[in-house]
4 protein chains.
Amino acid sequence: MTRDSNRIPSMVKNRKLVEERRAQIIRGAQKLFMRKGFHKTTTREIARECGLSIGTMYEYIQSKEDVLYLVCDHIHSELETRLKEALSVTETGRESLNRAMAQHFKVMGELSDWVLLIYQETKSLPKKARSVILQREKEVTALFEEILQRGIQDNTLRLDPSSVSLMAHNIMVLGEMWTFRRWALAEHYTLEEYTRQQMAWLLRECTN
Amino acid sequence: MTRDSNRIPSMVKNRKLVEERRAQIIRGAQKLFMRKGFHKTTTREIARECGLSIGTMYEYIQSKEDVLYLVCDHIHSELETRLKEALSVTETGRESLNRAMAQHFKVMGELSDWVLLIYQETKSLPKKARSVILQREKEVTALFEEILQRGIQDNTLRLDPSSVSLMAHNIMVLGEMWTFRRWALAEHYTLEEYTRQQMAWLLRECTN
Amino acid sequence: MTRDSNRIPSMVKNRKLVEERRAQIIRGAQKLFMRKGFHKTTTREIARECGLSIGTMYEYIQSKEDVLYLVCDHIHSELETRLKEALSVTETGRESLNRAMAQHFKVMGELSDWVLLIYQETKSLPKKARSVILQREKEVTALFEEILQRGIQDNTLRLDPSSVSLMAHNIMVLGEMWTFRRWALAEHYTLEEYTRQQMAWLLRECTN
Amino acid sequence: MTRDSNRIPSMVKNRKLVEERRAQIIRGAQKLFMRKGFHKTTTREIARECGLSIGTMYEYIQSKEDVLYLVCDHIHSELETRLKEALSVTETGRESLNRAMAQHFKVMGELSDWVLLIYQETKSLPKKARSVILQREKEVTALFEEILQRGIQDNTLRLDPSSVSLMAHNIMVLGEMWTFRRWALAEHYTLEEYTRQQMAWLLRECTN
DNA sequence: GATGAATGAGTATTCATTCAT
DNA sequence: CATGAATGAATACTCATTCAT
């Protein structure tokens, strides 16, 4: 599941075990990173939280930053999985867009702390790992680009081709925005009301 | 200038000196935080960069987090100042909105690294300080809310009152987005093209 | 061969197997110790190098220091074997000395890295093991003492009896010296030139 | 005194203080290295032994290996100083050699543990530092070369020019040998007896 | 006999902060 | 007011050894 899990070397050979233990590590670390942030979480805390000894944990990772990478990768996998659940090629572009956006906003509501973690800690990743994570964000954005293209093709959406990429980014950001502006938005809007208005706006623009 | 500078106690009594030294500290720290991030910058480095001894620096702050607060506060002051330069009550709401948005996008382009810093390090502030910084973000957002209200009143903008706050947030975020998505956006758009499209879209929505 | 191999307990009973596996361990460890030194070599590396699992390796030793002991012991065995090859009781003392010294210098040239290892790592052995290794050094030295004695008896060498032990040590050290001073000696002398001069000197002294 | 002390950067600016504290560090570390060896001595032990907090100690060094370098450098300085005390250009080469050798053997007796430390731990130094230390050994050896040359010139010593360097090394090693073979030599000889015999031998060789 | 996952005490090093001068 | 030496708790990571399978 965690797609790039295998990019990180492990001392332990047994693939199954590695998968399993890393899932433990991700679960524990994610919890702590969300509560205290990456830098204020110690490796020992992570080990304790996921029920491994510090030595055992290090059999499955090479550095603390690996843990952050695993967590970020896992979150992106989760986001991608959830979004893809709502995708279907049998629909019109417009219908697809509607469903995908709805799902995107729903997921942002449900996993808002996870997404916030991505926003706040991606910069703590080493260069290489960071660009992998950013690449994944691009891929998700590309899902919306494809939908928009399809809508243009099947004439259910009207949008200047030069705006396709931008609009895809806008959809992503206006969804993610709930995660990092909830502290202000929630004063005026529920997630549902927020979703309704933003989707209406986005859809209107894509209709013209 | 740094509005809340006086919230932070200093050992030194001479107000003028405090102001001056803190300006030094902010300048040096901001540079380093932008380059290496808050956690990877040491107090010694900050002191060296701003030409003070470590002991002297601590005469003007109480903790490393104070420095982060000063920097964030200063950035917000700068942003606010720049935005307010473009405001004038003699115009129509629509004209104001146009000018304010243009300025906002322009500033986001110019100070994108500063804004990125805010996005990435605000979470490292102690609770109290963070809420002060978030409050400032709210105040800037409120500037757009006021403009939108004025436009509704003078009939140059058409917008459902329940959407005013949301639209103000959208304006803010679509501007700031350039700072944290530049790595992807810049592949397709220049800042000018980006600004043109986003402003057109936002304006269209506020017109109906 | 490794004379004291049996001083070190093994979990495995099969003597043949123990002998065989320990030879593997010695070969791998010696290589690594020479390259990186005892302390910077890990047990895992040793196991990998000699093609055993870490668990299996520990069936044949009790501690990392045991490995060092085995290696040192093996080196001494090798040195002793080589030196004894050149000994023969049918010769005069003088002839024996000549041949033994020549062989000693030759071996020091060939196994200089081995001898250097002894010089550098003996001190890392536990007390007990160290004294065993030092004892072996004494025994080799004693070989030269015997030769010198024989030469005195058969009148082919002239040397004050009180100097016999010292001269034996001198022979040993002037040979080994090539291993730990090669970095300086090799600038001026080849091993052959070095051997020629040192042997000539030693022999002259033992003649009168 | 410790000639290359200034090759190692210190956080502390005050040269006097650096000199003083490093002397403390050297004293404490030397004691521990002699007793337990470099690898088995911890930085905390060194700090405790020399009466500094671990943090303070690290203000004066950059790494544990720096401490080893300081110690080795200091020992060599001491050896050089002592040896030079016995040198005088007003004497004949032969007289000089006599006095220098006597002093060398005397110092080897007095500082045998120090020299042993050099023999055993030099290899633990980082490449760069090691070659500096070896260079110092060369320089001391060169002192004997000069004396031998002088003796040849003033006709008080007879020695083939091609043997000068080798004989200098021999003098060095036959002195140092006491430090790493005392465990065997002391069974038969006192330092005085040892010195007498070795010097006699060396001198004889340099006479014809 | 063979394996390799698990363990956790142990290690070098850093760095925010203080305080005597 | 300025300085910078002193502090030591805190931290990421290692590695010899064990033991259940």
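Naming: A, B, ... by sequence-line order, numbering from 1 per chain.
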Measuring to OP1 and OP2 of [N], would you say a side-chain N or O of [X] lies under 4.0 angstrom away?
X: C:Ser53; N: E:dT3; result: yes
X: D:Lys13; N: F:dG4; result: no
X: C:Thr42; N: F:dC15; result: no

To the nearest Å, give me how far apart [atom1] ([X]) and [atom2] ([N]) are.
X: C:Leu32; N: F:dC15; atom1: CG; atom2: C1'; value: 15 Å
X: A:Met57; N: F:dC15; atom1: CE; atom2: C1'; value: 16 Å
X: B:Lys40; N: E:dT14; atom1: NZ; atom2: P; value: 15 Å
X: B:Ile61; N: E:dT17; atom1: CD1; atom2: P; value: 8 Å
X: B:Met11; N: F:dA2; atom1: CE; atom2: P; value: 13 Å
X: B:Glu19; N: F:dC1; atom1: CD; atom2: C1'; value: 18 Å
X: C:Ile54; N: E:dA5; atom1: CD1; atom2: P; value: 12 Å
X: D:Arg21; N: F:dG4; atom1: CZ; atom2: P; value: 16 Å

With DNA chain F as reference, determine whether A:Glu65 or B:Tyr60 sits nearer its 5' end, using the nearest nucleotide of each. B:Tyr60
Along DNA chain F (nearest heavy atom to each residue), the more 5'-positioned of A:Arg44 and C:Thr43: A:Arg44
What contact category does A:Leu17 fall into here, base, sugar-phosphate, or nothing, at under 4.0 angstrom with non-hydrogen atoms? sugar-phosphate
Report which part of the nucleic acid A:Thr41 touches: base, sugar-phosphate, or nothing (heavy-atom distance under 4.0 Å, all strands). sugar-phosphate
Heavy-atom count check: over 12 atoms from other residues, nucleotides or ligands less than 6.0 Å from A:Lys31 NZ? no
G-U wobble or Watson-Crick pairing nucleotide for F:dT7 (cut-off 3.5 Å, both distances): E:dA16
Who does E:dT21 pair with, Watson-Crick or G-U, both distances under 3.5 Å? F:dA2
Tell me whether the NZ or CZ atom of C:Lys64 lies within the 45° cone about the ring axis of C:Phe38 and under 6.0 Å from its centre. yes
Cation-pi check for C:Phe33 against C:Lys40: NZ or CZ below 6.0 Å from the six-membered ring centre and within 45 degrees of the axis, yes or no? no
Which listed nucleotide (E:dA5, E:dA12, F:dT17) is nearest to the side chain of A:Val12? E:dA5
Taking atom types as modelled, is there a side-chain donor on A:Arg136 or A:Ser77 under 3.5 Å from an acceptor on the other? yes
Assess the side chains of D:Arg21 and D:Gln24: does a donor N or O sit below 3.5 Å from an acceptor N or O? yes
Using the closest heavy atom to pick a nucleotide of DNA chain E for each, name whichever of B:Glu59 or D:Gly55 lands nearer the 5' end. D:Gly55
